[in-house]
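Comments concern the structure below.
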Amino acid sequence: MDQQYRFSEIEKKWQERWEKDNSFRTVEDPQRQKFYLLEMFPYPSGKLHMGHVRNYSIGDVLARHLTMRGYNVLHPMGWDSFGLPAENAAIKHGIHPDIWTHDNIKEMREQLKTLGLSYDWNREVATCDPDYYKWMQWIFIQFFKRGLAYKKKNPVNWCPACQTVLANEQVVDGACERCHEVVVKKELEQWYLKITDYAQRLLDDLEQLPGWPAKVKLMQKNWIGRSVGADVDFAIEGREEKMRIFTTRPDTLYGVTYMVLAPEHPLVSELVKGSGQEKAVAAFLDQLQHLSDIDRSATTLEKEGVFIGRYAINPMNNERIPIYIANYVLMDYGTGAIMAVPAHDQRDFEFAVKYNIPIPPVIDPGDPEIDLLNLESAFEAEGTMINSGPFNGMNSADAIEAFIEHLEKEGLGSRTINFRLRDWLISRQRYWGTPIPMIHCQKCGWVPEKEENLPVLLPTDVEFTGRGESPLASSPTFRKTECPLCGGPAEREIDTMDTFLDSSWYFLRYTDAKNDKAAWDVAKANYWMPVDQYIGGVEHAILHLMYARFFNKFLYDIGLSPTVEPFTNLLTQGMVLKDGSKMSKSKGNVVSPEEIIQRYGADTARLFILFASPPEKELEWSDTGVEGSFRFLNRVYRLVAELPDSIRQADSSAQIVTSDDKELAHVLNQTIAKVTEDIAERMNFNTAVSAIMVLVNELYRCRALPDGSVSAGLFHLAIEDLALMLAPFVPHLAEELWEGIGHSESLYREAWPTADPALLVRDEVEIVVQLNGKIKEKIKVASDLTDAAAFAETVLANPKVQALLAGQTVVKTVPVPGKLINIVVKKE
RNA sequence: GCCGGAGUGGCGGAAUUGGCAGACGCACAGGACUUAAAAUCCUGCGAUUCUUACAGGAUCGUACCGGUUCGAUCCCGGUCUCCGGCACCA
């Protein structure tokens with residue numbers, strides 16, 4: 001063994017060896033317990049960043065550890081390779097997106113390989129390759145066939161910078177999630193996936209995911225936003241049509257003093273005709289037109305509206321109620337219309353105050369401090385029903401049920417559940433995405449491309465201008481085609497799919513990545529699915545993770561996925577920060593993984609990232625911390641490189657002769673137990689590393705002792721176990737150490753060490769003696785004293801404890817065997 | 001505004017079931033080695049304080065105030081700060 005830790009040579013040597021031996025190739029094996037370990041695949045931007053290094057280092061620790069524990073581990077990697085940056089490069093530099101993307105993939109694959117990650121590259125997928133998007137199109141057609149994909153004209157979110165529409169989930173604070181440009185509304189005919197059909201199941205099945213962070217489940221729950229209430233029909237004075245509203249508070253029906261339609265509601269133009277309010281309404285609508293979507297939805301915006309000159313009739317008491325339009329009612333939730341109860345809804349309250357509308361209470365809070373006839377704000381909590389005819393005296397929460405029953409019996413309304421979740425708009429007016437495999441025929445309407453004709457290839461004869469409609473429209477050959485049904489002239493859809501579709505099923509494709517007959521072989525999916533552990537950034541808590549759950553449920557329903565949920569356990573890793581903020585080019589605080597690998601090696605980079613912070617927390621980058629990790633690896637290397645032949649060549653054995661043997665064996669077994677638990681059960685890699693450091697410190701202590709203090713066989717064993725335990729964290733160095741103490745085979749498939757329970761405990765343990773809860777003394781007692789009474793007796797008999805108790809009376813003792821005793825005393 | 005989460009040395013963090021607060025590392029200080037430096041090895045390292053000193057002892061200390069308990073970083077109530085999600089969803 002070289003006397004110096006030459007990390008670049010070592011890392012190169014082992015990477016080549018792994019590649020040559022095909023070490024990480026995985027095949028289905030019904031005899032072995034499978035483990036599907038997945039990290040979120042990256043967008044191939046061309047450069048690996050520290051977030052990737054963290055994500056993939058965490059995954060690799062688990063993959064290597066579980067392999068050593070005997071699991072058949074599926075650990076794949078691929079590329080989420082459709083998307084805007086490639087197209088922007090085409091517009092800016094004239095490079096075709098396909099070339100740009102594949103160059104980037106090549107570069108990033110090399111970078112991932114320098115990290116020594118244990119991927120089965122035979123299963124690599126790239127979503128932009130026709131052999132992948134062929135099956136994307138096939139899945140889309142399955143959605144269409146079951147009525148879950150449809151085209152509809154609707155006001156949609158339009159990003160003027162990206163020149164494309166966006167899904168609701170991709171609009172953050174009224175701006176584009178990608179480029180932060182302010183999003184505008186545009187009326188367009190677009191493709192949607194009916195995710196709302198799955199809303200209830202997406203919500204309910206969160207319960208089946210105890211291995212997910214509560215935070216992520218809560219975010220999804222809020223996003224789905226289920227509310228139970230009733231649809232109620234209000235008659236409109238002098239008209240045939242009814243006004244249907246949705247409310248979660250049917251108990252307040254007697255307190256309605258006005259009604260509101262969303263400004264975009266189709267009834268508005270009908271009703272306003274001949275009402276005498278045409279001018280006022282037109283002026284109000286015009287004023288709204290000039291507000292951006294952000295301003296329109298700001299909670300700080302004052303509630304404003306205008307009376308439209310018509311009245312509704314309250315079905316409960318036949319009161320005449322004025323109808324308004326107002327800026328605070330949304331067209332795309334519920335029925336786009338509400339009943340307003342100012343006494344019991346804060347928004348309605350503010351509006352009523354502004355427009356001098358009466359605020360009659362129908363629920364008594366039973367609180368003398370609240371003046372019901374002169375409310376300062378709406379009372380939204382539970383109370384006793386008043387002014388509500390036959391419902392008076394009921395508890396308002398019970399009254400909700402009673403009102404719904406009444407409405408249903410009288411045919412005035414019905415129980416309804418509404419979700420905040422909207423259908424998923426998946427059309428994008430871009431080139432670099434999966435073509436939507438649909439054809440429009442004058443006679444037959446929208447018809448899917450025949451499955452045997454898939455994939456619908458992206459045309460290459462297009463222009464990239466970055467403006468106007470989809471670039472696919474500029475292809476002279478793409479659009480014109482024949483109807484798959486009647487053979488008549490027809491036109492292809494020119495929009496492409498949102499790239500979030502591509503990443504909603506890649507975990508299934510990995511189970512059978514090269515299949516060209518089907519999306520995957522169901523038998524293989526049955527073996528590997530579900531993903532046992534999924535790892536990625538928390539920024540995907542809603543978008544990707546909800547879409548993937550939706551896809552999987554659909555694929556489950558049609559018999560292609562074996563489980564209702566795709567990801568059993570989820571680890572959301574924290575961000576990598578520098579100087580307290582996210583690394584970014586604009587802040588100039590980016591540390592490149594390449595540079596760190598070159599200076600210290602991949603093992604140091606991995607170790608630092610795993611050691612500095614628990615995985616789900618943010619990680620503050622520290623240059624001196626990296627130095628420290630590098631120093632530790634040097635220290636480990638030297639330990640083995642400087643090993644005397646007597647130890648190097650000794651047969652490893654757990655032979656214990658001396659007291660130092662006892663101590664070393666104890667530390668070694670403690671370390672094995674802790675590292676095993678920290679990796680597999682707690683996923684606290686930082687404490688696993690610190691435990692290994694403790695072992696290394698102990699080995700250094702032993703090394704400095706006079707000859708013969710520690711048995712050679714035991715020391716040899718400790719070094720072997722050290723190498724095995726280091727393997728998941730710093731695989732290259734671990735292999736080198738393993739070879740350095742006389743092994744010729746790679747340690748990758750070597751068994752993980754197990755702790756000997758007999759050696760986990762010492763003969764004597766130090767316990768704490770407290771007097772009235774304060775630590776006064778530490779004494780040693782036999783560790784097998786597990787009986788509380790015997791333990792207390794032994795401790796009290798100790799002369800040191802006797803001295804402490806002089807002049808005091810023992811009131812009570814609280815013994816905790818093996819740990820502590822608290823003696824409650826009082827002065828005599 | 002609503003809903004979550006978190007506050008521990010100079011710093012990153014540890015304390016797994018209510019039982020020794022600060023493991024491990026970084027930074028810093030001192031020492032050994034060296035002509036010297038780097039590297040390496042060893043030692044110290046929460047605050048205040050007592051004791052002539054050695055050795056040791058005392059008090060305080062996990063954002064703040066209070067509670068439960070023999071015992072609280074951990075449980076309960078309240079306050080403050082920071083972070084994240086949602087934000088007119090009727």
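This structure is a prediction, so every number in the text was calculated from the model and none was measured. Here is the naming used below: chain letters follow the sequence lines, and residue numbers restart at 1 for every chain. FYI, side chains are in, hydrogens and waters are out, and symmetry mates aren't considered; it's all heavy atoms of this structure.
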In whole angstrom, give the distance that lies between atom [atom1] of [X] and atom [atom2] of [N].
{"X": "A:N686", "N": "B:A15", "atom1": "CG", "atom2": "C1'", "answer": "12 Å"}
{"X": "A:F630", "N": "B:G25", "atom1": "CZ", "atom2": "C1'", "answer": "16 Å"}
{"X": "A:E177", "N": "B:C86", "atom1": "CD", "atom2": "P", "answer": "11 Å"}
{"X": "A:L619", "N": "B:C26", "atom1": "CG", "atom2": "P", "answer": "16 Å"}

Should the pair A:K303-A:E350 be classified as a salt bridge under the 4.0 Å nitrogen-to-oxygen rule? yes
Check this for me: does any side-chain nitrogen of one of A:K217 and A:E207 sit under 4.0 Å from a carboxylate oxygen of the other? no
When all nucleic acid strands are considered with a 4.0 Å heavy-atom cut-off, which category describes [X]: base, sugar-phosphate, or nothing?
{"X": "A:K217", "result": "nothing"}
{"X": "A:G628", "result": "sugar-phosphate"}
{"X": "A:K617", "result": "sugar-phosphate"}
{"X": "A:N697", "result": "sugar-phosphate"}
{"X": "A:N822", "result": "base"}
{"X": "A:L820", "result": "base"}
{"X": "A:R422", "result": "base"}
{"X": "A:F419", "result": "nothing"}
{"X": "A:E681", "result": "nothing"}
{"X": "A:Q346", "result": "nothing"}

Parallel under 30°, tilted from 30 to 60°, perpendicular over 60°: which one fits the rings of A:H544 and A:H540? perpendicular
Using OP1 and OP2 only, check whether a side-chain N or O of A:R635 sits under 4.0 Å from B:C24. no
Do the side-chain N or O atoms of A:K215 get closer than 4.0 angstrom to the phosphate oxygens (OP1, OP2) of B:G5? no
What nucleotide among B:G4, B:C60, B:C86 has an atom nearest to a side-chain atom of A:L218? B:G4
Between A:D678 and A:A337, which is nearer to the 5' end of RNA chain B once each is assigned its nearest nucleotide? A:D678
Judged by nearest nucleotide, the residue sitting upstream toward the 5' end of RNA chain B, A:S613 or A:R701, is A:S613
For nucleotides B:G78 and B:C24, find the distance between their C1' atoms and express it as a whole number of Å. 37 Å
Can you check the distance between B:U73 and B:G9, where both ends of the measurement are the C1' atom (answer in whole Å)? 14 Å
Would a distance-only check, ignoring hydrogens and angles, find a side-chain to backbone donor-acceptor pair under 3.5 Å from A:R54 to A:G574? yes
For A:P614, does its backbone N or O pair with a side-chain atom of A:N684 as donor and acceptor, under 3.5 Å? no
